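Each remark here refers to the structure printed beneath this line.
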2 protein chains.
Amino acid sequence: MVLSKSSHYALRAALYIARHPESGYVSIKEITRELDLSFHFTTKLLQRLTQARLLLSCQGPKGGVRLARPPKNINLRQIVEAIEGPELFTGCLLGLNQCSDDHPCPVHRSWTGVRQRVTNLFEKTTLAQLVEPSHKNKLRLTNLE
Amino acid sequence: MVLSKSSHYALRAALYIARHPESGYVSIKEITRELDLSFHFTTKLLQRLTQARLLLSCQGPKGGVRLARPPKNINLRQIVEAIEGPELFTGCLLGLNQCSDDHPCPVHRSWTGVRQRVTNLFEKTTLAQLVEPSHKNKLRLTNLE
DNA sequence: TATATTTAAGACAAAGATGTCTTAATTAAC
DNA sequence: GTTAATTAAGACATCTTTGTCTTAAATATA
């Protein structure tokens with residue numbers, strides 16, 4: 001798996017929040033009901049996004065979470081990195097420590113090239129792009145059946 | 001992490017086996033001693049590679065494992081898929097089931113493109129390429145320190 | 001054949017990821 | 001202020017991955 005389940009859930013929740021037209025808070029209850037996720041588990045994932053300053057949260061009635069800034073200023077790498085750290089974007093394909101141009105593993109050079117393309121995708125893809133109306137037919141955020 | 005620790009270990013072990021000049025069996029004791037891996041855990045990983053017909057094994061004195069065919073005919077995808085399944089090469093970035101051109105998630109199109117580049121790298125990279133002499137300076141298979 | 005060596009296989013332990021539940025803290029609305 | 005609603009936080013359970021240990025099976029060699 002490229003991403004952990006936690007990242008899957010966090011990305012889907014972030015997209016749900018981003019596509020909410022009103023700029024108010026969205027309750028986590030609603031998010032998890034609509035996306036069919038565990039409420040408590042997702043709450044903790046969204047707490048991490050809040051701590052990473054990607055979301056704002058508010059307790060009490062009418063509370064919930066919202067994006068901390070315009071969706072065009074939040075990209076997929078920021079979300080993934082807040083949940084599971086930078087390993088995906090920096091790690092050696094063989095899991096070796098200090099793998100670098102100076103001390104490369106056998107796949108270092110070719111992997112670095114492909115990994116950069118992965119990183120580019122995550123960095124240049126923003127929440128805004130993924131929820132814009134022309135993408136309406138691609139807004140599926142839930143499992144089928 | 002792109003790959004599991006199990007895949008890391010299996011790839012490193014496979015490269016160690018491939019770079020052995022003699023075509024005889026290499027003992028798993030030697031592999032795990034040289035690569036600083038757990039003997040029993042690695043043994044089971046190599047069993048999976050044997051079951052996937054990537055390796056041959058032999059018990060008893062002078063026994064061990066060897067490549068089941070020339071290293072130019074074993075690529076990285078085969079090894080990874082034998083260890084952790086095809087998810088990396090086929091899965092949805094958001095973890096959704098049945099994500100396809102017909103029922104795409106918001107990142108389906110762009111992820112499919114990048115995922116294909118990852119797949120290409122794993123498929124076109126063979127053990128032979130990674131152990132050929134011109135790569136000698138890139139044969140690091142162990143952690144530093 | 002007997003022995004030593006090696007992989008095969010399975011039980012089990014430890015660690016980490018995932019998921020559930022309870023209580024505390026905060027806040028809107030009455 | 002009281003109440004209800006909501007996130008924050010932590011304890012705990014379950015499942016998966018990773019790692020260890022023991023025993024069985026196979027095989028080369030003497």
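Here is how names work: the chains are called A, B, and so on, in the same order as the sequence lines, proteins then strands, and each is numbered from 1. Because the structure is predicted, anything quoted here is derived from the model rather than measured.
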Worksheet item: Mapping A:F39 and B:S27 to their closest nucleotides on DNA chain C, which lands nearer the 5' end?
Response: B:S27
Item to complete: Would you kindly compare A:F41 and B:I28 by the position of their nearest DNA chain C nucleotide and give the one closer to the 5′ end?
Response: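 Looking at DNA chain C, the more 5' nearest nucleotide goes with B:I28.
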Fill in: A:L94 CG to B:L130 CG distance, which is reported to the nearest 0.5 Å
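Result: 8.5 Å between the selected atoms.
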Discussion item. Quick check for you: to the nearest 0.5 Å, what is the distance between A:L76 atom CG and A:L15 atom CG?
Written reply: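 Reported to 0.5 Å precision, the distance equals 7.0 Å.
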Worksheet item: Which letters describe nucleotides 23-30 of chain D, given B = protein heavy atom under 4.0 Å from base, S = only from sugar-phosphate, - = neither?
Response: --BBBBS-
Worksheet item: Got a donor-acceptor contact below 3.5 angstrom from the B:R140 side chain to the A:P106 backbone?
Response: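 Judged by distance alone, no pair lies under 3.5 Å.
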Discussion item. Using a 3.5 Å distance criterion without hydrogens, assess whether the side chain of A:N97 forms a donor-acceptor pair with backbone atoms of B:L144.
Written reply: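 Yes, A:N97 side chain to B:L144 backbone: donor-acceptor pair under 3.5 Å.
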Discussion item. Using the salt bridge (Lys or Arg N to Asp or Glu O under 4.0 Å) criterion, which residues pair with A:E84? Sequence neighbours excluded.
Written reply: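 Salt bridge (Lys or Arg N to Asp or Glu O under 4.0 Å) check on A:E84 returns nothing, list empty.
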Within this structure, what is the [atom1]-to-[atom2] distance between [X] and [N], rounded to whole angstrom?
X	N	atom1	atom2	answer
B:K29	C:dT6	NZ	C1'	8 Å
B:I31	C:dT5	CD1	P	19 Å
A:L46	D:dT6	CG	P	15 Å
A:Q47	D:dG10	CD	C1'	10 Å
A:L49	D:dT7	CG	P	14 Å
A:L3	C:dA17	CG	P	14 Å
A:R66	D:dT7	CZ	C1'	16 Å
B:L45	D:dG19	CG	P	9 Å

Item to complete: State whether the distance check finds a donor on one side and an acceptor on the other, under 3.5 Å, for side chain B:K44 versus base C:dG10.
Response: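 Flag set: donor-acceptor pair detected.
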Worksheet item: Does A:S57 put a side-chain nitrogen or oxygen below 4.0 Å from OP1 or OP2 of D:dA8?
Response: yes
Fill in: Under-4.0 Å side-chain N/O to phosphate OP1/OP2 contact, B:S38 with D:dT20
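So the side chain of B:S38 is within the cut-off, an N or O lying under 4.0 Å from OP1 or OP2 of D:dT20.
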How would you label the contact of [X] with the nucleic acid (heavy atoms, under 4.0 Å): base, sugar-phosphate, or nothing?
X	answer
A:E30	nothing
A:Y25	nothing
B:S6	sugar-phosphate

Worksheet item: After noting the C-alpha distance and the side-chain angles of B:V80 and B:L11, does the key distance pass the side chain to side chain contact (heavy atoms under 4.5 Å, CB included) rule?
Response: CA-CA 8 Å; B:V80 169; B:L11 287 169; 4.1 Å; yes
Fill in: Cation-pi, B:F39 ring and B:K29 (6.0 angstrom, 45 degrees)
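Output yes; distance and angle both within limits.
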